[in-house]
Amino acid sequence: MAFGYLPYKTPNPINLIGSDLTSFEGHGVYLSAEGEITLATSKLEIPYAVIAVGCDSETPGEYPSAPIAGSLEIVDSIGCVVQATAGLGGVFAGSQVSIGPASHFVDDTQVAGDWVWGLALTSATAGQQFLMRFQPAKTPYLP
């Protein structure tokens, strides 16, 4: 899915970028009520998408600012398979994953009220890419 309105998901367009997302392929993002897309770093933030192709803003170094039109590509459709980046401790195939520090994905610790981002389809060590079915849900979650 490319930059622009996503009426089936939210009435808000992606109209601001919170930081340089150029090197953040495979990281999770959330969308604020103001339409600002920002790296997710907390299990309490509502999952929005995983970055497929990152970008910078029209005014590099100044944030929030408008993304370069058409350059941000995200996977936000529920059920889609996406390449994600594993965080500390890695992830194991078949485990539910949630967001960890630095917007990397980690095995979910099953704390009630946290957001699960999806299901790991392959295993990976910290910093490696793995396949994840994007399927956001609040814990407890049963696959």
Side-chain angles (χ1 to χ4, degrees), residues 1-4 6 8-10 12-143:
M1 178 66 50
F3 166 77
L6 303 170
Y8 67 92
K9 188 165 199 178
T10 177
N12 297 337
I14 298 171
N15 56 21
L16 294 173
I17 189 171
S19 61
D20 183 357
L21 301 176
T22 304
S23 300
F24 288 94
E25 288 78 10
H27 290 66
V29 292
Y30 71 95
L31 184 67
S32 72
E34 296 77 34
E36 179 180 342
I37 199 157
T38 307
L39 289 171
T41 56
S42 165
K43 293 180 183 183
L44 300 176
E45 295 164 340
I46 300 171
Y48 185 73
V50 178
I51 298 171
V53 177
C55 75
D56 201 351
S57 69
E58 290 180 339
T59 53
E62 295 180 28
Y63 306 100
S65 179
I68 299 168
S71 62
L72 178 63
E73 293 183 23
I74 58 175
V75 175
D76 63 345
S77 296
I78 294 173
C80 281
V81 174
V82 62
Q83 276 192 277
T85 304
L88 221 51
V91 296
F92 297 96
S95 64
Q96 298 165 26
V97 293
S98 58
I99 206 73
S103 74
H104 290 99
F105 293 95
V106 295
D107 283 342
D108 187 58
T109 55
Q110 297 296 317
V111 176
D114 287 350
W115 280 95
V116 170
W117 283 64
L119 185 69
L121 301 176
T122 58
S123 298
T125 58
Q128 287 187 323
Q129 297 271 307
F130 68 99
L131 293 178
M132 176 181 77
R133 183 174 67 219
F134 182 66
Q135 191 170 344
K138 265 212 174 181
T139 53
Y141 166 77
L142 300 173

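Side-chain atoms are counted along with the backbone in the values below, which use heavy atoms only and exclude waters and symmetry mates.
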Suppose we screen for side-chain hydrogen bond (donor to acceptor under 3.5 Å, both in side chains). Which residues come up paired with [X], at least two apart in sequence or across chains?
{"X": "D114", "answer": "none"}
{"X": "S98", "answer": "D108"}
{"X": "S23", "answer": "none"}
{"X": "Q83", "answer": "none"}

Set of residues satisfying side-chain contact (heavy atoms from CB on, under 4.5 Å) with respect to [X], sequence neighbours excluded:
{"X": "A124", "value": "A86, V91, Q128, F130"}
{"X": "Y63", "value": "I17, D20, D56, S57"}
{"X": "S42", "value": "L44, E45"}

What is the minimum heavy-atom distance between [X] and [Y], and which atoms define it?
{"X": "Y30", "Y": "I46", "answer": "CB-O, 3.3 Å"}
{"X": "G18", "Y": "E36", "answer": "CA-OE2, 3.2 Å"}
{"X": "L16", "Y": "A66", "answer": "CD2-N, 4.3 Å"}
{"X": "F134", "Y": "S77", "answer": "CD2-O, 3.7 Å"}

Side chain to side chain contact (heavy atoms under 4.5 Å, CB included) with V116: which of K43, Q96, K138?
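The single option meeting the side chain to side chain contact (heavy atoms under 4.5 Å, CB included) with V116 is Q96.
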
Do [X] and [Y] come close enough that some side-chain heavy atom pair is under 4.5 Å?
{"X": "Y48", "Y": "I74", "result": "yes"}
{"X": "I99", "Y": "W115", "result": "no"}
{"X": "L39", "Y": "I51", "result": "yes"}
{"X": "S103", "Y": "V29", "result": "no"}

Atom pair OG1/CG of T125 and L88 - distance to nearest 0.5 Å:
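Between T125 OG1 and L88 CG, I get 11.0 Å after rounding to 0.5 Å.
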
Is there a donor-acceptor pair closer than 3.5 Å between any side-chain N or O of T122 and the backbone N or O of L131?
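Flag set: sc T122 to bb L131 pair under 3.5 Å.
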
